[in-house]
A.B. asks: 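Handing you a structure now.
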Protein chains: 2
Amino acid sequence: MAEAAPRRHPTLDEVAEHAGVSRSVASRALNNAPHVSRAKREAVERAVRQLGYARNSTARALATRQTGAAALVISGEDPSIFADPFFARVIVGASAALDSADLHLMLCLAASDRGRKRVEELLRSRGADGVMLMALREDDPLTRMADEAQMPVVFGGRPVGSAPRWYVDVDNVGGAREATEHLVSLGRRRVAVICGRLDTEAGRARYRGYRDAMLGAGLDPFPPTEGDFTERSGAAAMAALLAEHPDVDGVFAANDNMAAGALRIVRETGRRVPADVAVVGFDDLAVAQVADPPLTTVHQPVEALGREMARMLVALVNGQDPTPLVLPTRLTVRASA
Amino acid sequence: MAEAAPRRHPTLDEVAEHAGVSRSVASRALNNAPHVSRAKREAVERAVRQLGYARNSTARALATRQTGAAALVISGEDPSIFADPFFARVIVGASAALDSADLHLMLCLAASDRGRKRVEELLRSRGADGVMLMALREDDPLTRMADEAQMPVVFGGRPVGSAPRWYVDVDNVGGAREATEHLVSLGRRRVAVICGRLDTEAGRARYRGYRDAMLGAGLDPFPPTEGDFTERSGAAAMAALLAEHPDVDGVFAANDNMAAGALRIVRETGRRVPADVAVVGFDDLAVAQVADPPLTTVHQPVEALGREMARMLVALVNGQDPTPLVLPTRLTVRASA
DNA sequence: GCTTCCAGTGGGAGCGCTCCCAAAGCGCAC
DNA sequence: GTGCGCTTTGGGAGCGCTCCCACTGGAAGC
């Protein structure tokens with residue numbers, strides 16, 4: 001009865017011997033496969049308990065050619081990109097979906113040459129059953145690696161200038177358009193834009209959405225003022241904007257972090273939000289609610305993004321052929337606009 | 001010359017044959033091991049290139065009994081705990097350290113029974129070479145799993161009521177004491193506290209630090225008002241506090257999220273920060289700088305925490321016996337106190 | 001009575017790598 | 001010429017699992 005902690009891990013052979021059955025039967029019993037009599041099944045279960053057996057996942061992986069793991073690769077020039085709580089939410093969603101498919105999550109921050117090299121090694125050496133790829137920039141070396149990867153690849157957000165076979169994205173254009181239209185509907189006429197990085201598809205798509213809405217309303221779109229999705233860059237962009245166009249009365253920022261930075265600058269220059277300048281963000285992360293005033297923003301289903309990526313990957317691993325997905329966004333109106 | 005994409009992955013045997021050497025020599029050449037002549041080494045390299053060979057990491061893992069991966073397990077009752085940007089920073093640090101040891105990172109969000117079961121399975125089936133464990137609560141089932149794990153375990157923060165053999169922690173008591181002393185030095189006398197969860201060691205230690213400082217200054221410590229480290233819970237705690245003690249003139253919150261919530265309530269009840277109520281947080285994450293007013297807070301070296309955990313784990317995997325580590329904290333004074 | 005079928009069983013051949021060890025090759029001192 | 005010690009080489013035995021396949025025996029069908 002006592003589950004003695006074994007010095008060395010018992011193998012399936014030892015379990016089989018202890019239970020008085022063959023290795024095949026023991027294996028089948030362990031995997032809940034058919035063709036095992038009730039008696040032997042119970043004998044195996046008993047032996048497992050008594051020996052404290054736990055199957056060696058590596059050996060199993062070698063025999064089945066399945067690692068039981070999926071990788072989430074987040075690209076970027078430096079690791080701080082990952083500090084964006086956006087990714088944490090994606091991971092929560094992905095993790096849940098992988099859990100129910102019994103896959104482990106490997107997280108790869110491909111933010112240095114070394115990191116990218118290790119991702120490549122992982123892909124080539126089949127250290128995972130599939131990959132989810134995020135935050136690719138223009139000419140990202142990971143794009144090539146993905147092409148050559150001998151395993152399923154799902155993109156989170158589309159890479160710049162190419163439509164991969166499998167991806168999950170959010171409706172960036174539609175969200176940005178709706179945000180801008182909201183500002184216009186509030187009577188704002190000099191609506192500026194703080195873009196995200198224009199070497200990412202999300203950055204470009206959100207600018208397109210803004211531009212479409214402005215043109216649609218018969219207004220002049222501002223040229224892009226580019227930030228890098230950080231609070232600091234949003235503040236800098238807002239400062240530059242106000243210096244050149246002191247009469248701006250509305251701003252669409254391509255994410256909440258930058259919107260928060262913009263808010264700070266608007267306040268610091270003595271203007272009121274939303275009375276003097278109305279601000280809309282994008283993401284609807286925690287910062288939007290904490291901001292002062294709380295941020296009107298485009299809600300995107302971040303956890304669902306992660307979940308759907310993982311689901312799509314699981315489908316691929318199981319030999320299915322899922323179709324790409326674009327998740328809807330939704331304007332959430334708070335005090336800032 | 002052409003690196004034809006192989007339908008089936010070539011094996012080391014095929015590489016060896018193609019290079020006209022034995023499998024052993026090919027293996028040695030690939031691993032940069034000695035006892036390989038220059039000529040054969042080059043022949044192997046050529047064959048690798050021509051066949052587009054990539055070693056199968058699973059087979060290697062089976063033979064070497066090393067998976068090449070380390071797991072980071074984050075415990076919690078529900079997955080949203082992971083949304084705290086704190087963990088993202090830990091991961092950035094850990095990931096960098098693991099990268100230089102050529103270990104992959106497996107991320108496990110053990111927030112459900114299913115998740116915990118899978119962690120247990122991972123530990124027992126040797127799906128990783130070692131584990132880092134974080135955010136354990138009192139009587140956390142993961143504590144037992146860690147005891148029984150047949151692999152190195154490093155704790156991030158100490159678990160409640162026990163000192164594991166290997167851990168990395170931050171000086172929670174010292175930081176909280178310094179924060180409280182700062183409030184006292186500003187002339188505040190009715191300094192309340194918004195605790196973190198008291199079933200975590202960090203929550204308890206920070207309350208102890210607060211208490212020590214109050215008693216040391218000859219002041220009456222408040223009893224704990226408990227939050228759960230979220231903005232919302234900080235707001236609720238602050239509201240409760242002000243209802244019962246309208247004359248509070250200082251608050252130490254056990255993390256920045258809760259401090260931000262407190263700030264919001266203080267503002268909403270028409271009080272000024274810091275004039276009427278001074279507020280100090282703990283963590284020094286991004287939210288501290290974005291808060292209005294910017295938060296005086298206890299800075300803790302979050303990325304270093306992750307990095308040192310990973311380093312300690314690498315040392316353990318390599319058969320060394322590192323010593324536990326407590327990282328220093330430092331008060332960062334901004335506008336809120 | 002015979003064949004037919006199928007659940008149940010165990011042997012054996014992998015999966016693709018590492019690493020031990022015996023053997024071969026070779027220079028050099030005696 | 002012999003012996004010693006070194007590097008280099010390749011064969012083979014694992015690592016611990018899955019899965020194919022051949023075999024058994026009892027129930028069902030004729």
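Proteins get letters first, then strands, A, B, ... in listed order; numbering begins at 1 in each.
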A.B. asks: Please work out if A:R55 contacts a base, only the sugar-phosphate, or nothing of the nucleic acid, heavy-atom cut-off 4.0 Å.
C.D. replies: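 Sugar-phosphate: the residue A:R55, judged by heavy atoms under 4.0 Å, touches backbone atoms but no base.
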A.B. asks: Report which part of the nucleic acid B:S37 touches: base, sugar-phosphate, or nothing (heavy-atom distance under 4.0 Å, all strands).
C.D. replies: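 Sugar-phosphate, backbone atoms only, no base.
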A.B. asks: Working note: A:R55 + A:N31, criterion side-chain hydrogen bond (donor to acceptor under 3.5 Å, both in side chains); need CA distance, chi angles, decisive distance, verdict.
C.D. replies: CA-CA 10 Å; A:R55 122 173 94 212; A:N31 293 317; 2.7 Å; yes
A.B. asks: Let me know, please, whether B:V25 or B:A63 comes out on the 5' side of the other along DNA chain D by nearest nucleotide.
C.D. replies: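 So the residue in question is B:V25.
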A.B. asks: Against A:D99, only a single residue in B:R116, B:R118, B:R114 fulfils salt bridge (Lys or Arg N to Asp or Glu O under 4.0 Å); can you say which?
C.D. replies: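 Per the salt bridge (Lys or Arg N to Asp or Glu O under 4.0 Å) rule, the option paired with A:D99 is B:R118, out of B:R116, B:R118, B:R114.
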A.B. asks: For residues 310-318 of chain A, please give each side-chain donor-acceptor pair under 3.5 Å, one per line with the distance, not counting sequence neighbours.
C.D. replies:
residue, atom, partner, partner atom, Å
A:R311, NH1, A:E308, OE2, 3.2
A:N318, ND2, A:V314, O, 3.3

A.B. asks: Which parts of residues 117-126 of chain A get close to DNA chain D, meaning a heavy atom less than 4.0 angstrom away?
C.D. replies: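 None - not one residue of the stretch has a heavy atom sitting under 4.0 Å from the strand.
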A.B. asks: With a 4.5 Å heavy-atom cut-off, do A:I81 and A:F87 have their side chains touching?
C.D. replies: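 Of all side-chain heavy-atom pairs linking A:F87 with A:I81, at least one is under 4.5 Å.
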A.B. asks: Could you tell me the boundaries of the chain B footprint on DNA chain C, defined by atoms under 4.0 Å from its heavy atoms?
C.D. replies: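 From 5' to 3', the first and last contacting nucleotides are C:dG16 to C:dC19.
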A.B. asks: Would you indicate what A:S24 reaches in the nucleic acid, counting non-hydrogen atoms under 4.0 angstrom: base, sugar-phosphate, or nothing?
C.D. replies: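 Base, at least one base heavy atom under 4.0 Å.
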A.B. asks: Which part of the nucleic acid does A:R28 contact within heavy-atom distance under 4.0 Å: base, sugar-phosphate only, or nothing?
C.D. replies: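 Base contact - A:R28 has a heavy atom under 4.0 Å of at least one base atom.
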A.B. asks: If you pin B:R38 and B:L62 to their nearest nucleotides in DNA chain D, which one's is more 5'?
C.D. replies: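 Result of the comparison: B:R38.
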A.B. asks: Would you say the side chain of A:V160 lies within less than 4.5 Å of the side chain of A:D199, judging by non-hydrogen atoms?
C.D. replies: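 Of all side-chain heavy-atom pairs linking A:V160 with A:D199, none is under 4.5 Å.
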A.B. asks: If you compare every side-chain N and O of B:S22 against the phosphate oxygens of D:dG10 (OP1, OP2), does one of them come in below 4.0 Å?
C.D. replies: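 Yes.
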A.B. asks: Taking B:V326's backbone N and O only, do any of them form a donor-acceptor pair with B:D169's side chain (distance below 3.5 Å, no angle check)?
C.D. replies: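 Not a single qualifying donor-acceptor pair exists.
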A.B. asks: Would you confirm whether B:T143, through its side chain, and B:D139, through its main-chain N or O, come within 3.5 Å as a donor-acceptor pair?
C.D. replies: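 Between the backbone of B:D139 and the side chain of B:T143 there is no qualifying donor-acceptor contact (under 3.5 Å).
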A.B. asks: Test B:M134 against every option in B:L305, B:V73, B:V154 by the side-chain contact (heavy atoms from CB on, under 4.5 Å) rule and name the one that passes.
C.D. replies: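 Going through the options one by one, the only one that passes is B:L305.
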